[in-house]
2 protein chains.
Amino acid sequence: MIAAMDRSTDPGPPRGGPVLQDSVTAAITSAFFEELAAVGYGRLSMEAVARRAGSGKAALYRRWPSKEAMTVDLVVQVSVRAADTPDTGTLRGDVLAFLTATDQALRHPLVSRILPDLLASAAYHPAIAAALGEEIGTARRRKVGAILRRAVERGELPEDADVDLGLDFMAGPLYWRTAIRRAPAGPDRIERLTDMIIAALGA
Amino acid sequence: MIAAMDRSTDPGPPRGGPVLQDSVTAAITSAFFEELAAVGYGRLSMEAVARRAGSGKAALYRRWPSKEAMTVDLVVQVSVRAADTPDTGTLRGDVLAFLTATDQALRHPLVSRILPDLLASAAYHPAIAAALGEEIGTARRRKVGAILRRAVERGELPEDADVDLGLDFMAGPLYWRTAIRRAPAGPDRIERLTDMIIAALGA
DNA sequence: ACGAGACGGAACGGTACCGTCTCGCCACCT
DNA sequence: AGGTGGCGAGACGGTACCGTTCCGTCTCGT
């Protein structure tokens, strides 16, 4: 999810191979996310993306019919890479791993600028809301749901643990802290956050 | 905080009094928040605000030098009204009151559209970040800090309760649920949320 | 009665994007 | 070798805002 946003990690095609189409698409993709981080979705212009990508506008319109379609396509494409967190054997291990991975993603400078903007833009653009809900929301719910279910099976959580609110605890505090308050959480904060979330889940 | 955003609750000046300046300002204020909810800060134009307010653009520029200044001024002005939550005598009562008030604010259709957008815009506009941090962030931290401090004094929370992370728990889950997931929380959910937050605070 | 000043409205020149289209160029595939 | 097609560049007409300036009107305070 991160690498695709990072132009410096995009070495282009290995060598002399089938270059053209792919390198242009990669340049446009990088430019899109950089521009998104620079001005936000509302002020994102196709012209600026093309300019930043060093391409013509036609190269964009040849691939996507509109800014919204481009956004949905690229965001979905980049979100797919989010891997499942493994079963560590304990609830605390699972939660800690999930939070650490989430924190790492939220710390990425492009992500931390882009994600709140896209989440807010979702209120104005149903297509974006659908894409985010589908690709990010559903995936996250599935992961967290699996973690909580395993914990119930192990007897670490009561049978009637509130999974619905548990989802909000697994995402809310860390997102609020990192993306909204912009107060980065060190490893010790993540540990403590883990303990507090587990206490909340057991209530 | 809410009433000022609601055009229908603005009856204008009582009668024949000193009308001009104030009623125009009120119309502009309403139009600003409506427009903000309609298109977001990034695409908000002074021209559209004036159009919606039924005024000339000069009326806006006579009051504020720029869109950013107008936004900061109006947002601050509207945020001031947020009242302190009273001391209910118990931690649970205080938390429940705070969450209920927060939930009520977040349920307001204009607030739920505007707030995420402004919080995201803060990443691009330092002046907005400063205004939100000062008027909303500081006020919220003061309130929650007082609640937690009282609880420690009562012996309801351990002396070493983590106030810093506690702030994130008091805001994060509810904000995530209501403003991001857009899954409204009924009174029973707020009750349960309260219990879970208290468990987290005690960890 | 009168001047001051805010009002809605409209126009100004300038800038930015839109989405389309046309160039000439160059790399690919027969 | 020649044709196909994506490429960067950028012109095109059209729309939207910018911030300013000018109208003529209306309501104040004096």
Side-chain angles (χ1 to χ4, degrees), chain A residues 7 10 12-32 34-74 117 121 124-125 127-128, chain B residues 7 10 12-32 34-74 117 121 124-125 127-128:
Chain A
R7 181 176 243 170
D10 172 52
R15 218 171 347 117
V19 179
L20 289 180
Q21 168 102 353
D22 279 346
S23 82
V24 172
T25 302
I28 292 173
T29 301
S30 296
F32 166 78
E34 287 165 16
E35 195 64 23
L36 195 51
V39 304
Y41 180 79
R43 302 203 69 84
L44 185 85
S45 75
M46 300 294 263
E47 209 147 326
V49 172
R51 208 180 305 135
R52 192 187 283 265
S55 78
K57 288 193 287 178
L60 274 65
Y61 284 102
R62 212 172 286 124
R63 290 167 171 76
W64 304 278
S66 69
K67 159 181 158 180
E68 191 172 273
M70 176 176 68
T71 303
V72 168
D73 181 58
L74 290 180
D117 182 74
S121 299
Y124 307 102
H125 306 279
I128 294 180
Chain B
R7 182 177 243 169
D10 172 52
R15 219 170 346 116
V19 179
L20 289 179
Q21 169 104 352
D22 280 343
S23 83
V24 172
T25 302
I28 292 174
T29 302
S30 296
F32 167 77
E34 288 165 15
E35 194 65 22
L36 193 51
V39 304
Y41 180 79
R43 302 205 69 84
L44 185 86
S45 76
M46 299 295 262
E47 209 146 325
V49 172
R51 208 180 303 135
R52 192 187 283 263
S55 78
K57 286 195 288 178
L60 274 67
Y61 284 104
R62 212 173 287 126
R63 290 167 172 76
W64 304 280
S66 68
K67 158 181 159 181
E68 192 173 272
M70 175 175 71
T71 302
V72 167
D73 181 57
L74 290 181
D117 182 74
S121 300
Y124 307 103
H125 306 278
I128 293 181

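Reckoned from all heavy atoms, side chains included, excluding hydrogens, waters and symmetry mates.
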Between CZ of R52(A) and P of dG8(D) the distance, given in whole Å, is 17 Å

With sequence neighbours left out, the residues meeting side-chain contact (heavy atoms from CB on, under 4.5 Å) with A48(B) are E35(B), S45(B), R51(B)

E47(A) meets the salt bridge (Lys or Arg N to Asp or Glu O under 4.0 Å) criterion, sequence neighbours left out, with K57(A)

Separation between CD (E68(A)) and CG (D73(A)), nearest 0.5 Å, reads 12.5 Å

E68(B) atom CD is separated from dG19(D) atom P, nearest whole Å, by 11 Å

Residues 42-70 of chain A vs ring-ring contact (aromatic ring centres under 6.0 Å, His included), sequence neighbours excluded, gives none

Discussion item. Do S66(A) and M70(A) make a side-chain contact, defined as non-hydrogen atoms from C-beta onward lying under 4.5 Å apart?
Written reply: no

From CG of D22(B) across to C1' of dA6(C) the rounded distance in Å is 13 Å

query: Can you check whether R52(B) reaches E34(B) side chain to side chain, under 4.5 Å on heavy atoms?
result: yes

A correct 5'-to-3' footprint of nucleotides 13-22 of chain C, with B, S and - meaning base, sugar-phosphate only and no protein heavy atom under 4.0 Å, is ----BBBBB-

A side-chain contact here means heavy atoms from C-beta on lying under 4.5 Å apart; do F32(B) and L60(B) qualify? no

With sequence neighbours left out, the residues meeting ring pair (Phe, Tyr, Trp, His ring centres under 6.0 Å) with Y41(B) are H125(B)

As a check of understanding: the bend across the helix from dA1(C)-dT30(D) to dT30(C)-dA1(D), end axes from five pairs, rounded to 10 degrees, works out to 20°

